[in-house]
Structure formats: structure tokens, C-alpha cells
Amino acid sequence: FFPFRTITRAELAKMATNAGTKSDLLTTGGSDTQHFCDVTASHWAASYINILAEVRIVNGTATSSCSLGKQFLPDQPITRAEAIKILLNLYHITPSGSANFGDVDTSAWYSSYIAAAVQAGLVGGYNDGTFRPNNFLTRAEMSKVLVRAIDHQTGEDHGTSTPQQTQAPTPTASSTPEPTSQPTTTASTSTTI
């Protein structure tokens, strides 16, 4: 699962589409219309990104590099603030208020999104009073937020309502080390989003 690996914008599009509300996403189905310069029909996540574009969950960023005038940057990691905006749009949660974190300026575009996500119980920030909006989102954090978003939508509670700080597993010595294809994380990592 690689819980501490960052999520790309395309991966978030797939997760969001699969976890989305049926009325918005399943009826859309995703057309073959290209919405972004950098998401062609051959991209593995094109159908997910197209669905989110068609129901106006994502808009992309402006570019003059193609006639469509916008790009999605599907293979770039997504920031915590960008992910929160997409999830709030997906679950029809209106951004409002100001985030109360030392590193979230009240005039930042994402401040009201983060404030609404906190109020809805989707996120809680870090123990040091920060949110780290420009840090990249990890797979573990995304999983936790998605469960909370689904719970918020359905009124259920899957035991994730209390934010808790967790640490990455500490490697232990073994007589026969197993090869890994990915670097391991030994620093403290938080899944409190």
C-alpha cells in the first residue's frame, strides 16, 4: 500500500471518483472529450479526470501551451490544500470561515476550504498547530480523509473521528534483510491531516 508515499493528482482523481456521490459521478460516466492539454485519452486516469472535470469538481490550471488553455498536471504530487478543495467540491461542502492554523494565512485561496474541512471533521491538522497546506498528501492521509468524508456524507462513524498522531514503523534488525523496491521511511510521519 505504501502509506507514506505521496499521491499524484491522477491518483487522487481515481480515488475521488470511486468514493464520490453516485448521483454526480456514476451518471456522468466520463466522456472521451479532452478537457486538459496534458490528459490525453491514452493516460491511465483520463476517464476519472474527465468525470471530475465534467461535474466541475476540478478545473485545472491556466496555460497557453495548447488550444484548450488549461492543464491538470496529472503526474505531479497533490498538496494537502489542493486535495481538500477537490474533496469539499466532491461532497458539496461549502468552503467558509477562516482556518485557525499558524501556517494558513486567512487571505490564502485555501483558507476557507481548510476551515470548512475542519468544521466538517475531515481534518484536524498537526499537534504543533500547523496544517502544512503545501506539503504533499500521503496515501495514508488520503485514506483517512476519504473515510471521514464518506462518514460525513452518510452520517456514519468508522472510528476515525478522533485525530491521532502516528509514527512510521521503525525498522527492526533481522538476520535476513528483505530487499525493497522503495525507500523506507524512518523519520516520524503523521497521518493526522
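Note that the structure is predicted; figures quoted are calculated from it, not measured.
Once rounded to the nearest 0.5 Å, the distance linking CD1 of Ile57 with CG of Leu52 reads 6.5 Å. The structure places NE2 of His35 at 11.5 Å from CG of Asn59, a figure rounded to the nearest 0.5 Å. Note: Glu141 CD to Arg80 CZ = 4.5 Å, rounded to the nearest 0.5 Å. For the atom pair CZ of Phe136 and OG1 of Thr8, the computed distance is 11.5 Å after rounding to the nearest 0.5 Å. Distance check: Leu137 CG to Ile7 CD1 gives 5.0 Å after rounding to the nearest 0.5 Å. How far CG of Leu68 is from OG1 of Thr63: 10.0 Å, rounded to the nearest 0.5 Å.
Side chain of Thr130 to backbone of Tyr126: no donor-acceptor contact under 3.5 angstrom is found. Listed for the Gln34 side chain is a donor-acceptor partner under 3.5 Å among the backbone atoms of Cys37.
Applying the salt bridge (Lys or Arg N to Asp or Glu O under 4.0 Å) test to pairs two or more places apart or on separate chains, those with a residue in residues 105-128 are Asp128-Arg132.
Here the shortest heavy-atom pairing between Thr6 and Pro77 reads OG1-CB, 4.1 Å. Considering all non-hydrogen atoms of both residues, Asp38 and Pro74 come closest at OD2-CD, 3.3 Å. Considering all non-hydrogen atoms of both residues, Pro133 and Asp103 come closest at CD-OD2, 3.5 Å. Taking all atoms of both residues into account, the shortest heavy-atom contact from Arg9 to Leu73 is CD-O, 3.1 Å.
At most 12 non-hydrogen atoms from other residues, nucleotides or ligands lie less than 6.0 angstrom from NZ of Lys14. Heavy-atom contacts from other residues, nucleotides or ligands closer than 6.0 Å to CG of Asn100 number 12 or fewer.
Every residue was checked against the ring-ring contact (aromatic ring centres under 6.0 Å, His included) condition with Tyr48, not counting sequence neighbours, and none meets it.
Remark: Arg139 is positioned above the aromatic ring of Phe1, its terminal NZ or CZ atom under 6.0 angstrom from the ring centre and at most 45 degrees off the axis.
At least one side-chain heavy atom of Leu146 sits less than 4.5 Å from a side-chain heavy atom of Met15. Val145 is listed as a side-chain neighbour of Leu87, based on a closest heavy-atom distance under 4.5 Å.
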Are Ile86 and Ile78 close enough, and set up right, to give a side-chain contact (heavy atoms from CB on, under 4.5 Å), and what steps lead you there? CA-CA 10 Å; Ile86 290 171; Ile78 193 161; 3.8 Å; yes
Derivation of the side-chain contact (heavy atoms from CB on, under 4.5 Å) call for Ile150 and Tyr91: CA-CA 8 Å; Ile150 292 167; Tyr91 286 100; 3.3 Å; yes
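Counting only N and O atoms by type, the side chains of Thr40 and Ser42 include a donor and acceptor under 3.5 Å apart.
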List the atom pairs, donor and acceptor, that lie under 3.5 Å between side-chain atoms in residues 108-125 and the rest of the protein, sequence neighbours left out.
residue : atom : partner : partner atom : Å
Ser111  : OG   : Ala99   : N            : 3.2

